[in-house]
Amino acid sequence: GRDSVSGEQIYWDADPDFGSANPHLMIVGESGFGKTYALQCLIAELAIRRITSIIIDYGRGFDLETAPKELLIAATPKEVLAGENGINLNPLQIHAEDSSGPLNVAVRVADCFSRVYRIGVQQHAVLRDLVIELFKDFGITRTEKSSWSRSSPFLSDLNVKIDQISLKRSDRRASVALSLKSHLSTFFILD
């Protein structure tokens, strides 16, 4: 595209190895102005370059039955009916770029819950520590890199861990864990 003020050409590179580390893109416009079509074209171009796209489509603008043939050929999309079948993602999975293994995951999970559920500083610390303890329960420790390839616990295991600590009166973290449990209850109810 072109900058509307300077006229300079603008390029967007979705590959973090060559473009921006966070290649976010936002398309805005009124209904019927071609936002969905523009996204379909971008997704097809990304697929041709072997860059995967994930679309969370609340408006059903990307239904496979109505998608352009060119998009279906270029991207070979797979539809996941998350509302009906759920999604098999584990936020407690340790990734190759997690240089401190379970510690990275614990901080990431606690930070995410903190942002979404606005938990306090003490709740954040207890949540982080409980994730680290949960990893230890599964034989995964920060100091033993070889343990990082073991099967990670799931969020349901974390829910059980929070429950256990909140009921353990002898644990100094019990009241904070109980408060944390209340903040996160809706999340865990929805499984």
Side-chain angles (χ1 to χ4, degrees), residues 1-121 123-125 127-128 131-132 142 145 148-149 152 154-155 183-184 186-187 190:
R2 291 200 178 272
D3 185 300
S4 63
V5 176
S6 69
E8 288 181 52
Q9 282 196 315
I10 298 173
Y11 298 92
W12 175 68
D13 192 339
D15 189 338
D17 292 336
F18 303 104
S20 170
N22 294 301
H24 302 298
L25 176 70
M26 181 169 69
I27 297 176
V28 293
E30 293 182 35
S31 182
F33 273 46
K35 296 179 301 294
T36 300
Y37 180 71
L39 282 172
Q40 290 170 339
C41 291
L42 282 169
I43 290 164
E45 290 294 326
L46 291 170
I48 290 167
R49 288 165 179 78
R50 298 180 191 252
I51 298 173
T52 303
S53 298
I54 298 173
I55 297 119
I56 300 171
D57 180 19
Y58 295 104
R60 310 220 33 121
F62 287 86
D63 281 349
L64 296 180
E65 296 82 32
T66 59
K69 177 179 63 170
E70 296 82 4
L71 174 66
L72 297 175
I73 291 168
T76 59
K78 179 182 177 193
E79 186 174 42
V80 176
L81 301 174
E84 296 172 25
N85 306 322
I87 301 174
N88 189 15
L89 296 174
N90 185 0
L92 298 178
Q93 182 67 46
I94 299 173
H95 300 286
E97 60 271 8
D98 290 327
S99 60
S100 295
L103 180 60
N104 290 111
V105 175
V107 170
R108 184 169 53 238
V109 167
D111 286 352
C112 184
F113 277 115
S114 180
R115 285 187 202 107
V116 174
Y117 292 96
R118 300 182 198 264
I119 61 175
V121 178
Q123 294 164 329
H124 180 280
L127 179 58
R128 181 199 59 226
V131 171
I132 292 168
R142 179 180 179 189
K145 267 191 159 180
W148 300 359
S149 60
S152 294
F154 292 97
L155 287 174
H183 271 71
L184 306 182
T186 301
F187 176 84
L190 296 173

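- Asp111 and His124 share a donor-acceptor pair across their side chains, judged by distance under 3.5 Å alone.
- Here the side chains of Gln123 and His183 are in contact, with some heavy-atom distance below 4.5 Å.
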Intermediate values then yes/no, side-chain contact (heavy atoms from CB on, under 4.5 Å), Leu92 and Phe154: CA-CA 6 Å; Leu92 298 178; Phe154 292 97; 5.6 Å; no
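- At a threshold of 4.5 Å between non-hydrogen side-chain atoms, the residues Phe187 and Leu155 count as touching.
- A salt bridge between Arg108 and Asp98 is present, with a side-chain N of the basic residue lying under 4.0 Å from a carboxylate O of the acidic one.
- Atom CD1 of Ile94 and atom OG of Ser99 lie 11.5 Å apart (nearest 0.5 Å).
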CA sep, side-chain torsions, deciding dist, call: Glu79, Asp63, side-chain contact (heavy atoms from CB on, under 4.5 Å): CA-CA 8 Å; Glu79 186 174 42; Asp63 281 349; 4.1 Å; yes
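- The minimum heavy-atom distance linking Ile132 with Ala106 is given by the pair CG1-CB, 3.5 Å.
- When atom types are taken as modelled, the side chain of Arg142 and the backbone of Pro102 share no donor-acceptor pair closer than 3.5 angstrom.
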Please tabulate, for side-chain N and O atoms in residues 37-56, each donor-acceptor pair with protein atoms closer than 3.5 Å (sequence neighbours left out).
{"unit_1": "Glu45", "atom_1": "OE1", "unit_2": "Arg49", "atom_2": "NH1", "d": "2.8"}
{"unit_1": "Arg49", "atom_1": "NH1", "unit_2": "Glu45", "atom_2": "O", "d": "3.1"}

Verdict with supporting geometry, Val107 and Arg128, side-chain contact (heavy atoms from CB on, under 4.5 Å): CA-CA 6 Å; Val107 170; Arg128 181 199 59 226; 4.0 Å; yes
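- Heavy-atom minimum distance, Leu64 versus Pro77: CD2-CG, 3.5 Å.
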